[in-house]
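First comes the structure, then the notes that go with it.
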Protein chains: 2
Amino acid sequence: MSVGIRHDDLRKRNRAMVISAVRRAGQPSRTEIAATTGLSHSTISTISSDLIGEGILAESKGGEPALMKRGRPQVGLALDPDAAAVVAVVLSLNSLSAALIDYAGNTIAEESRRLVTQRMEADTLVDECIGIVRRLIEAGNKGAVLRIAVAIQGVTDSGSRTLLWSPITPHDDIPFADKLEQEFGVPVTVENDCNMIAEALRWRDPSRYRDDFIAILLSHGIGMGLVTKGELFTGTQSSGGEFGHMIHRPDGALCRCGRRGCIEAYAGNYAIWRNARQGDENAEPLADLSDGDIRALADAARDHDGPEREAFRKAGEAIGFGLGSMFALFDPAPLAFVGVGATAFDLMEPHVRAAIAKTAGGLHSKAISFDTEPNEVPLIREGCMMRALLYVDDEVFAPGTPARRAQVGVA
Amino acid sequence: MSVGIRHDDLRKRNRAMVISAVRRAGQPSRTEIAATTGLSHSTISTISSDLIGEGILAESKGGEPALMKRGRPQVGLALDPDAAAVVAVVLSLNSLSAALIDYAGNTIAEESRRLVTQRMEADTLVDECIGIVRRLIEAGNKGAVLRIAVAIQGVTDSGSRTLLWSPITPHDDIPFADKLEQEFGVPVTVENDCNMIAEALRWRDPSRYRDDFIAILLSHGIGMGLVTKGELFTGTQSSGGEFGHMIHRPDGALCRCGRRGCIEAYAGNYAIWRNARQGDENAEPLADLSDGDIRALADAARDHDGPEREAFRKAGEAIGFGLGSMFALFDPAPLAFVGVGATAFDLMEPHVRAAIAKTAGGLHSKAISFDTEPNEVPLIREGCMMRALLYVDDEVFAPGTPARRAQVGVA
DNA sequence: CAGTCTTTTTTCGAGGCTCGAAAAAAAGAG
DNA sequence: CTCTTTTTTTCGAGCCTCGAAAAAAGACTG
């Protein structure tokens, strides 16, 4: 049940507004902030001088070299890089990477390593994460780490605390957040990688990806990050948005998840390969497949008509019908296809469009715009970083808690 | 972009909180309101005496006959029935009904009539609505009508102003809200009937239908009203939630919407009849089918194995796979099946469950609870009424506008 | 190069809002 | 008839935002 607004909430919220305006705009002047937030100049003045006093914002003197405008020159406000630091961890199939990031979003230190995730114990996986974070904090020596955000391929709980299921490991219900919090004494969240891709797109290109858009990861499996009405869409109990496991053909092709007829069982890398090379929808999905394999299939499909081309057709069709079903629920939106599969999207696009056109969402199928981005890794990391920073913005600074907390981690 | 909170918004919001607490609780005392809103007693006292002064609330003296408790007895606050009135209009296939409702939710006057909606011009349809509303306002003579809410079977725009498409009429894009506003000078909304069903369920049984649930209308077509995270789920451009037009089998059975393979083309009344009696998925859907026809099919299916039973099996399967796909996106939730089809739900349920169990959403398929309610009409009306009243609560009274507005309508 | 303009930022008093504490009100209990 | 208990109102304090006016900081002008 929603609750009344207290008097002191007011300041908290408006502080949060100011911080968020600065993060979005980069180096806005106080006047600009007043304009975007709708608050008065005097309020902005008070709040920003508070924030500067607390070491959260800083006047950016060395900014633009004077705009040659008349009048008193604006002085830009920027986030103080030293106000805090966060760690963004990205865990995917056989790969772990992490970065230490300052409050302004600059990467201070990073590390990547290869693991054999599918053969590791759950605890070992967690320990690897703890290790990489610890090394970064030690190396960076950047002061207060206020948040750790982990992005994982798989399904997490809606509280962003536990990895419920993931294709990268045979283990279920791994309590990443609890374990890491216990270790470092800092709030931790675990979120779905595709949701982080959506978050990143929003910051990269706010004009295109604003209130409603869809990011689809075409990779070994199929993932989705979805923003509706300005909010990241998640399930009620899990991270949700498992587009790849919507049903394309009831009782159809065998999916990596053990069920049948999922979209992924037609459009995931392994499914495309299976259709092109094995011709048997029921064959056990391959565990490993390199990006090169997919590019080779795509080249073959472009070169001549044959099973490869047909495999991409089926993939496009599955994605298209899936999108059509989704659009029946909440209307079409701009799409970004991310991951290796995006390099072969030319082979799928006509079939995606044809399928969408056969569905209720297809009313405006020609107007639906597609965009592709072959490399998902930087997007996941960026999104994860932004998520961590936004948590700090909202939860740590806004309530008026004094900024620099007790030094964390590294016992 | 979200905007800062001004100082005067505070009071507005807290007024709205108080009103909403009273509407939910019935006759709460000031102390109870303080508890549910989290505001202090003094604040509640000030706000409620304002509201009483404005004629929005009233102390309910004739309430409970003293609870025999020690201490000063609580005095219940109730919505003043005379504070306002709203009109709820429900338009469905061949039927139009409306009710004049006071601010406390009591029906003052109502009227129903049969129309042949499919053969009427768009303007005539609108005029019928105008007529019924005018007669109610005249008959009720209840003072200020502050809101008119229309519930229609079909797709409306996200601004709740226009009927974009509906199976009850061949005409598209009928601007109901504009036309009615022009006529009566009162804000008007047009919303999807299934969304109103969801709204109604929430008020009828808040313990079961609270933050996350799904209402599915099993009727000539298949509709859905969906509440996620406490909010009615709508599309970004339309009323959305067109569960019936998610794709069950690509290029499958012919749907009333002209496309193929929609869930509705297997589970709508016409589809069940078609499968049971015609055995041809491609036959043109029947326009009319009585509730009796469906009951007869159900009886036959219960009586002996045959095409009727098979038709209900197919319907259940389509619904189950559809739900499974939806649950992949946002996790399972309690379900209410509403409408004639609900009387035959015993025939479908096992197949619904079996299908869900084959999907990603089926992880906990046994825990998903179903409920049935054969008559959708009262639900639609109730939901529509609540919607109208809530609009009045939030938009009209909360901003502090003096309550009783200029008398409306009835020139 | 000194004064004028223009725009940004700060200052200051006014008006509102919520809160906590204390007072008042309204019964039942003894 | 007085004491208890609980609800409701009253009142002053402390914040918060706002608008207007003042201060600040360069660019422009002759």
Side-chain angles (χ1 to χ4, degrees), chain A residues 3-18 21-22 25 27-53 57-61 63-78 398-400, chain B residues 3-18 21-22 25 27-53 57-61 63-78 398-400:
Chain A
V3 138
I5 304 182
R6 307 250 194 59
H7 200 221
D8 29 334
D9 294 341
L10 230 172
R11 190 48 165 277
K12 283 183 201 172
R13 295 207 195 190
N14 286 341
R15 278 170 62 102
M17 291 298 315
V18 170
V22 175
Q27 296 202 344
S29 69
R30 292 167 175 80
T31 311
E32 271 175 69
I33 299 175
T36 60
T37 59
L39 297 168
S40 72
H41 284 193
S42 27
T43 303
I44 299 301
S45 187
T46 321
I47 292 179
S48 49
S49 87
D50 282 2
L51 291 173
I52 290 172
L57 297 186
E59 299 197 334
S60 66
K61 294 172 185 165
E64 328 276 292
L67 274 129
M68 289 307 179
K69 269 194 340 190
R70 295 192 72 159
R72 176 173 176 173
Q74 311 190 148
V75 12
L77 293 177
Chain B
V3 138
I5 303 182
R6 307 248 194 60
H7 201 220
D8 26 332
D9 294 341
L10 230 172
R11 190 48 165 277
K12 283 184 200 170
R13 295 206 194 191
N14 286 341
R15 279 170 62 103
M17 291 298 316
V18 170
V22 175
Q27 296 202 345
S29 69
R30 291 167 174 80
T31 311
E32 270 175 69
I33 299 175
T36 60
T37 59
L39 297 169
S40 72
H41 284 194
S42 27
T43 303
I44 298 302
S45 187
T46 322
I47 292 180
S48 49
S49 86
D50 282 2
L51 290 173
I52 289 172
L57 297 185
E59 298 197 336
S60 67
K61 293 170 185 166
E64 327 277 291
L67 274 129
M68 288 309 181
K69 270 192 340 188
R70 291 192 74 158
R72 177 173 176 174
Q74 310 190 147
V75 12
L77 294 177

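We name chains A, B, ... by the order of the sequence lines, and we start the count at 1 in each one.
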Task: Contact under 4.0 Å: A/T31 side-chain N or O vs C/dT7 OP1/OP2 - done: no

Open item on the list: Output the rounded distance in Å from CZ (B/R30) to C1' (D/dT10).
Closed with: 14 Å

- [ ] Could you tell me whether the side chain of B/R15 reaches within less than 4.5 Å of the side chain of B/V18, counting heavy atoms only?
- [x] no

Task: B/K69 side chain, from C-beta outward: closest of D/dT7, D/dA24, D/dG26 - done: D/dT7

TODO: Would you kindly give the CG-to-P distance between A/D9 and C/dG16, to the nearest whole Å?
DONE: 22 Å

TODO: Search all heavy atoms of A/I5 against all heavy atoms of B/L39 and return the closest pair with its distance.
DONE: O-CD2, 3.7 Å

Open item on the list: Using the side-chain heavy atoms of B/S45, tell me which of these nucleotides is nearest: D/dT10, C/dT10, D/dG26.
Closed with: D/dT10

Open item on the list: In this structure, how many angstroms lie between the P atom of D/dT6 and the CD1 atom of B/I33, rounded?
Closed with: 20 Å

Task: hbond_proxy A/R72 side chain to C/dT8 base (donor-acceptor, 3.5 Å cutoff) - done: yes

Task: Separation of atom CD in B/E32 from atom C1' in D/dT6, rounded to whole Å - done: 13 Å

- [ ] Evaluate side chain to side chain contact (heavy atoms under 4.5 Å, CB included) for A/T43 paired with B/R6, printing each intermediate quantity in order.
- [x] CA-CA 10 Å; A/T43 303; B/R6 307 248 194 60; over 6 Å; no

TODO: Identify, with sequence neighbours excluded, every residue that meets salt bridge (Lys or Arg N to Asp or Glu O under 4.0 Å) alongside B/D9.
DONE: none

Open item on the list: If you apply the rule side chain to side chain contact (heavy atoms under 4.5 Å, CB included), what do you find for A/R11 with A/D50, and how did you get there?
Closed with: CA-CA 11 Å; A/R11 190 48 165 277; A/D50 282 2; 3.3 Å; yes

- [ ] Measure the distance from CD on A/E59 to P on D/dA25 and round it to the nearest whole Å.
- [x] 11 Å

TODO: Using atom CD1 of B/I52 as one end and atom C1' of D/dT9 as the other, report the distance to the nearest whole Å.
DONE: 12 Å

- [ ] Could you run through nucleotides 12-19 of chain D and give me one letter per nucleotide, 5' to 3': B if any protein heavy atom sits under 4.0 Å from the base, S if only the sugar-phosphate is that close, - if neither?
- [x] --BBBSBB

Open item on the list: Quick check against the 3.5 Å criterion: does B/S45 have a side-chain atom that pairs as donor or acceptor with the backbone of B/H41?
Closed with: no

